[in-house]
Protein chains: 2
Amino acid sequence: MTTPKHAQLAAVLRARIAADDFPDGRLPSESELMKEHAMSRTTVRSALKELQNEGLLRSASGVGYFVRRFEHFSYRPQDDFRAVATIQDADSFTQAAAKRNPTQQIEVGIVRAPKDVARRLRIAEGDSVVVRRRYRSLDGVPYQINVSYYPLDIVSGTDVMVPQDIVRGANQLLADHGYAQVRALDEIWFRMPKPEEARWLDIGPGIPVAEHVITGFTADDQAVRMVRVILPGDRNVITFDRVHPDHERASRP
Amino acid sequence: MTTPKHAQLAAVLRARIAADDFPDGRLPSESELMKEHAMSRTTVRSALKELQNEGLLRSASGVGYFVRRFEHFSYRPQDDFRAVATIQDADSFTQAAAKRNPTQQIEVGIVRAPKDVARRLRIAEGDSVVVRRRYRSLDGVPYQINVSYYPLDIVSGTDVMVPQDIVRGANQLLADHGYAQVRALDEIWFRMPKPEEARWLDIGPGIPVAEHVITGFTADDQAVRMVRVILPGDRNVITFDRVHPDHERASRP
DNA sequence: CAGTGGTCTAGACCACATC
DNA sequence: ATGTGGTCTAGACCACTGT
């Protein structure tokens, strides 16, 4: 009933990482750890793998192991709502990221609604929906995958279907067509990425993603928009501001 | 430039899992996979490890490998705010979970404020704060770790310092002492659990956690409460309702 | 008891980065 | 050329679970 050797080494290294004991962020090589701790390479690698899967380390083939550094960018879903017509697509991502060279790659299409989309938009599974898929980066680093779904009859013939930035912003566009959104439901899961997501977001092992699903409703309580945002955990903090329902609107910092 | 054998096996199994090809949820044993795919045990184990770290599989020593099943419980931070005096501590967890045998273990103490707490409560690092640590379960299954911090001068001598349920609810208690909260800031990170968190929440490999930090403010914009909630990703969805700031309050479903 | 996964070893070859 | 991590093998012992 003793602790396995690989777990012992993992614990030692975890403590040293927490104590910032690798100032240059570089760990000893596998062979050095083998000598220092009198273990086989397999056991050393097992310990290092464990730390990688905790998101504490990354490995570079032919180079070495390094302590992960995080920089979190604030993701504010509420900006979607506050957005007004500006020269840019004025949602949370574009607005907050103005100075960090935001780029995005847009694909637009018409597909049959999958089950989860149909349920949220309150349409039948297989009904046609317009889908806008956006892969968005900051300074060349991918920060989110954003997939929006709209019922076809609502947006057909509008700029939503053009694979370019929507100058007014998608919400303003919907409002201009008589579908102003006054309420949104946010659902957030957090899980490990699927292989395609990991590839697109350039995520290493041990880094989870959040899946943020927004459903937008009109004053008539009609669901007119569903968005699925995939966020890599090493680069995002999700932020909300809330005021008590009984309290008049407060100023926002 | 070919795909490694372990990755090939992982891809095959991943596809079979997605197609629900293991009706009883049980995978072939390691030795069966070795025969079927003509690989060494190490390679087979490497593939299975990969899928475990994606949260798709769990292993049971001496038994086998199984497909993970998820059941997500809705975590609604806004209930904290809407809470009024009831017979129970009326926050999001207790209220929503009433029928699922909620239990919690409470520890209360006075500690020196760590850096992140001090910053959010706008006090000096090392100032005394009251900390309430709650480990909360549903039907015996751990669902969250909830750690609340209060500036000592605000809550000293109140029920906050008693290691029991606060009958009125902590927010109502603060309000009764003249510190009604009207605004909250939510910050949500998602990452792999620390070993203690994994132990307490009974999390296997490949399951991330969300760290939800709430900071509560009075009408004078004084920070009176900071809460850190740790949520296991296989058992929680975070849910928010939002109404457009220009729109009168809508009814909530 | 037989079968399962967990641990550990020694050794080999490879692709890659660095100097 | 050397050193790094990535892949793969064969074999061994163990603890545990099921019958």
Write down the distance between [atom1] ([X]) and [atom2] ([N]), rounded to a whole number of angstrom.
X: E30(A); N: dT4(D); atom1: CD; atom2: P; answer: 9 Å
X: R58(B); N: dT17(D); atom1: CZ; atom2: C1'; answer: 14 Å
X: M34(B); N: dG3(C); atom1: CE; atom2: P; answer: 14 Å
X: L27(B); N: dG5(C); atom1: CG; atom2: C1'; answer: 13 Å
X: L48(B); N: dT4(C); atom1: CG; atom2: C1'; answer: 12 Å

Protein-nucleotides 7-11 of chain C N/O pairs under 3.5 Å:
unit_1 : atom_1 : unit_2 : atom_2 : d
dT7(C) : OP1    : H6(A)  : NE2    : 3.1
dT7(C) : O4     : R41(B) : NH1    : 3.4
dC8(C) : OP1    : K5(A)  : N      : 2.7
dC8(C) : OP2    : K5(A)  : N      : 3.3
dC8(C) : OP2    : H6(A)  : N      : 3.3
dT9(C) : OP1    : K5(A)  : NZ     : 2.8
dT9(C) : OP2    : S40(A) : N      : 2.9
dT9(C) : OP2    : S40(A) : OG     : 2.7
dT9(C) : OP2    : T43(A) : OG1    : 2.6

Tell me whether [X] contacts the main-chain N or O of [Y] through its side chain, where contact means a donor paired with an acceptor under 3.5 Å.
X: Q8(A); Y: T3(A); value: yes
X: D24(B); Y: R26(B); value: yes
X: R235(A); Y: P142(A); value: yes

(message) Under a plain distance cut-off of 3.5 Å, with no hydrogens placed, do T43(B) and S40(B) share a side-chain donor-acceptor pair?
(response) yes
(message) Side-chain N or O of S61(B) versus OP1/OP2 of dC16(D): is the shortest distance under 4.0 Å?
(response) no
(message) Suppose the criterion is side chain to side chain donor-acceptor pair (under 3.5 Å): which pairs have a residue in residues 192-201 of chain A, not counting sequence neighbours?
(response) R191(A)-E197(A)
(message) Looking at E107(B) and R132(B), is any side-chain nitrogen of the basic one under 4.0 Å from a carboxylate oxygen of the acidic one?
(response) no
(message) At 4.0 Å (heavy atoms only), tell me whether S31(A) reaches a base, stays on the sugar-phosphate, or touches nothing.
(response) sugar-phosphate
